[in-house]
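One structure below.
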Protein chains: 2
Amino acid sequence: MLRLTKRSEYGLMALAFMAQSGQAYTSVREIVAKLRIPRRLLAEVLKDLSFSEIVEAVRGPGGGYRLTCPAEELSLARVVEVLEGAGTVAQCTDGSRCDLSPSCTIQEGINLVAQRVKSVLNDFTLAELSDCTTPRPQPVSLAQGLAV
Amino acid sequence: MLRLTKRSEYGLMALAFMAQSGQAYTSVREIVAKLRIPRRLLAEVLKDLSFSEIVEAVRGPGGGYRLTCPAEELSLARVVEVLEGAGTVAQCTDGSRCDLSPSCTIQEGINLVAQRVKSVLNDFTLAELSDCTTPRPQPVSLAQGLAV
DNA sequence: AGAATATAGCATGATTTTAGTGCTCTTTCA
DNA sequence: TGAAAGAGCACTAAAATCATGCTATATTCT
C-alpha cells in the first residue's frame, strides 16, 4: 500500500532515539520505556539492524545498541532495505522478474518511479528525520554541526 | 512494505492500455485478453476509477471505458490515491493522528518523506508511464505532440 | 421486441503479510 | 555468582490483499 511496515517505523523511531543518545549504548528496555512500542518486536528489529551493522550491540549491564555511523550518514533507504527488503513500489523492482512480464506494459515506467522513490529515501538521512521533529531535548554531539 | 497493491498495478496497466486506445472505448474483456490479469479484480478497479471520474464508462455493445482526460494530465498520485487511499509511507500521513503520537519523535520527518514521495507520484503522469515502455504499437492521437 | 454486449452490484473464501508475544540461552560486568 | 542485556527459537492472531461466481441493469443493434 505504499506504506512502511511497523518494523520500519519502530526501527526508525529507535534509531532516531539512539541518534540523540550519542555514543552511549541504549538498551531495548530504555527505548521501549520512552517510545511505548512492543518490546519483542523492537528487539527483533534491532537484532536485524545489528546484523546489518547499522547498529552495534553490546551485552551485559550497561550494554545495548548504538549507531555505527553518524546519523548524518545513515540514509532511510538503507534502513528500509534492511527491514523490509529491496524493491519499492512494485515487487518487480527488486531485480526479480514479473510473472506477467510479457504483458506488462508499464514495467520500465514503474521502475523509473521506484528509482525516484528510492532516491527520496536515499537523500533523507536519519539526522534529518529526527531533526525535523524533536524539540532537541539535550544537546547531541552528533547534531552539533547542523544549521539551526 | 512501500509497495503498490495489485489493484494499483492492474489499474495502471489498464490505464496505460487505454491511453494507447485513444478516444475509443475499451472493454474489460479486451484488456484482460491483452494483459492477462484477473478479470473480476480489474472490473472492480475500473469501477472505482469510473466512480472517481478518472475513466468514463459506457455500457452495451461497443462500450467499455476510456480516459476522461489526456494521459499527460493524469498523475499517478491521483490514481493511487483512488485505488488505495491517501497516506503514503506511514498511516499517520493521511491526516489521521498516530496512536503513539506523543511518543513518536519522527512524525514530522516521516511526513516530509511522505510529501516527497507523493510529489514523485504527482510529477509522474500516465503518459510518461506508458511511454517509458511501450514500443508505441500504433500512433495514438493523444501522444501526438510528444518528443520522440 | 428481443438478442447480444458490457458495466454494476453483491458476498464470500483463500492466501499472504504483518503484528505481536513467551521463554530460554548466552554474554558481560560488577 | 548474580544481575543486566542481547540472541535465538516457534507460534498465534489479525489484517490486508487477492481472487472468484452469479445476477441485475443499461445500451445497442437487428
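Chain letters run A, B, ... following the sequence lines, proteins first and then strands; every chain starts at 1. All values derive from a computational prediction rather than experimental measurement.
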Practice item. Indicate yes or no for a side-chain donor-acceptor contact from A/Thr93 to the backbone of A/Thr88 under 3.5 Å, with no hydrogens or angles considered. Key: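 It does hold such a pair.
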Check your understanding: Distance-only, no hydrogens or angles: does the B/Glu73 side chain make a donor-acceptor pair with backbone N or O of B/Pro70 under 3.5 Å?
Key ->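 No, B/Glu73 side chain to B/Pro70 backbone: no donor-acceptor pair under 3.5 Å.
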Taking atom types as they are modelled, would you say the side chain of [X] forms a donor-acceptor pair with the base of [N] within the 3.5 Å cutoff?
X       : N      : result
A/Arg7  : C/dT18 : no
B/Arg40 : D/dT20 : yes
A/Arg59 : C/dT26 : yes

Closest to the [X] side chain: [options]?
X       : options               : answer
A/Thr5  : D/dA5, C/dA8, C/dA19  : C/dA19
A/Glu44 : D/dA10, C/dA8, C/dT27 : D/dA10
B/Lys6  : C/dT21, D/dC18, C/dA4 : D/dC18

Report the distance from atom [atom1] of [X] to atom [atom2] of [N], rounded to the nearest whole Å.
X       : N      : atom1 : atom2 : answer
A/Gln91 : D/dC18 : CD    : C1'   : 13 Å
A/Tyr25 : C/dT28 : OH    : C1'   : 12 Å
B/Met1  : D/dA16 : CE    : P     : 17 Å
A/Glu56 : C/dT27 : CD    : P     : 19 Å
B/Lys47 : C/dA11 : NZ    : C1'   : 12 Å
B/Leu46 : D/dA19 : CG    : C1'   : 16 Å
B/Leu42 : C/dT7  : CG    : C1'   : 12 Å
A/Phe51 : D/dC9  : CZ    : P     : 12 Å

Review point. Considering only heavy atoms, which members of residues 26-36 of chain A lie under 4.0 Å from some atom of DNA chain D?
Key: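 Those residues whose heavy atoms fall under 4.0 Å from DNA chain D, taken from residues 26-36 of chain A in numerical order, are A/Thr26, A/Ser27, A/Val28, A/Arg29.
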Review point. Of A/Val58 and A/Ser8, whose closest DNA chain C nucleotide lies nearer the 5' terminus?
Key: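 Upstream on the strand: A/Ser8.
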Point to revise | Closest contact, heavy atoms only, A/Glu81 versus A/Lys118 | key: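 Shortest heavy-atom separation between A/Glu81 and A/Lys118 comes out as OE1-NZ, 3.2 Å.
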Exercise for review: Return the minimal non-hydrogen interatomic distance between A/Ser52 and A/Arg78, and the atom names on each side.
Suggested key: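 Heavy-atom minimum between the residues: O-NH2, 3.3 Å.
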Practice item. With heavy atoms under 4.0 Å as the rule, sort A/Tyr10 into base, sugar-phosphate or nothing. Key: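 Sugar-phosphate, backbone atoms only, no base.
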Exercise for review: With sequence neighbours left out, write down each residue that passes side-chain contact (heavy atoms from CB on, under 4.5 Å) with A/Leu112, or none if nothing qualifies.
Suggested key: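 In terms of side-chain contact (heavy atoms from CB on, under 4.5 Å), with neighbours along the sequence ignored, A/Leu112 is linked to A/Arg116, B/Phe124, B/Cys132.
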Exercise for review: Using a strict cut-off of less than 4.0 Å between a Lys/Arg side-chain nitrogen and an Asp/Glu carboxylate oxygen, indicate whether A/Glu44 and A/Arg40 qualify as a salt bridge.
Suggested key: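 Yes, charged N to carboxylate O under 4.0 Å.
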Check your understanding: Taking atom CD1 of A/Ile54 and atom SG of A/Cys69, what is their separation to the nearest 0.5 Å?
Key ->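 So the gap between those two atoms works out to 8.0 Å.
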Exercise for review: Using the closest heavy atom to pick a nucleotide of DNA chain D for each, name whichever of B/Arg39 or A/Ala57 lands nearer the 5' end.
Suggested key: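 Result: A/Ala57.
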